[in-house]
Amino acid sequence: MEKILISACLVGDKTKYDGDHNLTPYLNALLEKYELVPFCPEVEGGLKTPRDPSERKGDLVISKKNKDVTDYFDRGAEKAYLICAYLGIKIAILKDGSPSCGVSEIYDGTFKNKKIEGMGVTAEYLKKRGIEVLSDKDIEEFLKR
């Protein structure tokens, strides 16, 4: 069974910044076809749950308390890629909007709940290294392949 990296919050792990999850309604359908490898780059990069929300500002990731947390995000992205390389994973399904996992959109860095077109640190890192990166919004279509 093909392995897929998936944002841990999408499988129900409480890894979101606020200690909650983003359980996808497609979890069972995914599990029927794929072996899922849950991964939260923010937690694996060294951030705790719950934690201050963070947003991308260019190449930096800044917390709501104006702390530069870029190193945590970079570390998590690198670990995500190493897991993919080690396990032969070629596809990642990530939570859109996240400063780590955003595939098509992220928050704009102002903490005013405004999204812009862009990618999270991990999504961008994986894509540049040849991993197919899909958003949680793409799961229904992906399952039809």
Side-chain angles (χ1 to χ4, degrees), residues 2-27 29-31 34-143 145:
E2 183 179 2
K3 290 179 175 70
I4 292 180
L5 188 79
I6 188 167
S7 293
C9 64
L10 293 174
V11 300
D13 289 356
K14 294 184 176 187
T15 55
K16 278 181 58 176
Y17 75 92
D18 61 2
D20 205 356
H21 61 78
N22 292 307
L23 180 63
T24 177
Y26 299 106
L27 181 60
L30 284 167
L31 286 168
Y34 302 97
E35 183 178 338
L36 302 180
V37 178
F39 188 87
C40 177
E42 294 174 27
V43 171
E44 294 300 326
L47 294 171
K48 294 181 175 21
T49 303
R51 58 188 167 277
D52 291 328
S54 299
E55 295 185 5
R56 283 194 87 171
K57 288 185 180 183
D59 288 335
L60 299 177
V61 183
I62 307 297
S63 77
K64 194 168 186 177
K65 292 183 179 174
N66 206 33
K67 180 180 175 190
D68 183 346
V69 292
T70 307
D71 286 345
Y72 296 104
F73 283 74
D74 289 345
R75 197 173 313 130
E78 183 177 1
K79 285 182 176 184
Y81 175 71
L82 291 173
I83 291 284
C84 289
Y86 181 75
L87 296 176
I89 293 172
K90 301 189 182 339
I91 299 170
I93 299 174
L94 305 174
K95 177 64 182 142
D96 217 5
S98 158
S100 288
C101 298
V103 174
S104 63
E105 63 183 10
I106 55 174
Y107 288 92
D108 71 353
T110 63
F111 296 95
K112 294 182 179 174
N113 205 30
K114 182 178 179 227
K115 290 183 182 177
I116 58 171
E117 187 176 313
M119 293 187 89
V121 176
T122 297
E124 185 175 29
Y125 193 91
L126 293 177
K127 185 174 182 180
K128 284 182 180 177
R129 283 153 184 82
I131 304 296
E132 181 182 1
V133 180
L134 303 169
S135 152
D136 57 306
K137 297 173 188 172
D138 301 322
I139 295 173
E140 185 176 15
E141 194 62 36
F142 172 69
L143 287 167
R145 287 186 184 181

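Positions are given from 1 along the sequence. Here the structure is a predicted model, which means the values were calculated and not measured.
- Between L30 and L143, some side-chain heavy-atom pair lies under the 4.5 Å cut-off.
- Under the 4.5 Å side-chain criterion, counting only non-hydrogen atoms from C-beta, L47 is not in contact with Y17.
- Distance SG/C84 to NZ/K79: 14.5 Å, rounded to 0.5 Å.
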Point to revise | Derivation and outcome, side chain to side chain contact (heavy atoms under 4.5 Å, CB included), residues L134 and V103 | key: CA-CA 7 Å; L134 303 169; V103 174; over 6 Å; no
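- Rounding to the nearest 0.5 angstrom, the gap separating the NZ atom in K14 from the NE2 atom in H21 is 5.5 Å.
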Exercise for review: Check the pair R145 / E132 against salt bridge (Lys or Arg N to Asp or Glu O under 4.0 Å), numbers first and verdict last.
Suggested key: CA-CA 14 Å; R145 287 186 184 181; E132 181 182 1; 2.3 Å; yes
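- Heavy atoms from other residues, nucleotides or ligands lying under 6.0 Å from OH of Y125 number more than 12.
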Practice item. For the pair I62 and V69, evaluate side chain to side chain contact (heavy atoms under 4.5 Å, CB included) and give the outcome as yes or no after the intermediate values. Key: CA-CA 6 Å; I62 307 297; V69 292; over 6 Å; no
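- With 3.5 Å as the limit, one finds a donor-acceptor pair spanning the side chains of Y26 and E140.
- One finds the CZ atom of F39 at 12.0 Å from the CG atom of D13 (value rounded to the nearest 0.5 Å).
- Counting heavy atoms from C-beta on, the side chains of D74 and V121 come closer than 4.5 Å.
- If you take CG on D108 and CD on E55, they are separated by 6.0 Å, rounding to the nearest 0.5 Å.
- Atom CE of residue M119 and atom CG of residue L94 lie 8.0 Å apart, to the nearest 0.5 angstrom.
- Here the side chain of T70 pairs a donor or acceptor atom with the backbone of V61 at under 3.5 angstrom.
- Atom NZ of K115 is surrounded by more than 12 heavy atoms from other residues, nucleotides or ligands within 6.0 Å.
- Applying the 6.0 Å contact sphere to NZ of K137 captures more than 12 heavy atoms from other residues, nucleotides or ligands.
- To the nearest 0.5 Å, the span separating CG on D18 from CG on D52 amounts to 11.5 Å.
- Across every non-hydrogen atom of L126 and A80, the tightest pair is CD2-C, 4.0 Å.
- Contact check for Y107 versus N113: side-chain heavy atoms found under the 4.5 Å cut-off.
- Between I93 and the choices V11, I139, L5, the side chain to side chain contact (heavy atoms under 4.5 Å, CB included) rule is met once, by I139.
- By the 4.5 Å heavy-atom criterion applied to side chains, I116 and I106 are counted as neighbours.
- Using a 4.5 Å cut-off on side-chain heavy atoms (C-beta onward), Y34 and I91 make no contact.
- Formation of a donor-acceptor pair under 3.5 Å by the R51 side chain with backbone atoms of K48 is found in this model.
- A salt bridge between D136 and K95 is present, with a side-chain N of the basic residue lying under 4.0 Å from a carboxylate O of the acidic one.
- For C101 against P41, the heavy-atom pair with the smallest separation is SG-CG, 3.8 Å.
- The only member of S100, S54, S7 that meets side chain to side chain contact (heavy atoms under 4.5 Å, CB included) when paired with E42 is S100.
- Of the possible donor and acceptor atoms, none in the side chain of N22 sits under 3.5 Å from a partner among the backbone N and O of C9.
- For D96 (side chain) and S104 (main-chain N/O), a donor-acceptor pair under 3.5 Å exists by modelled atom type.
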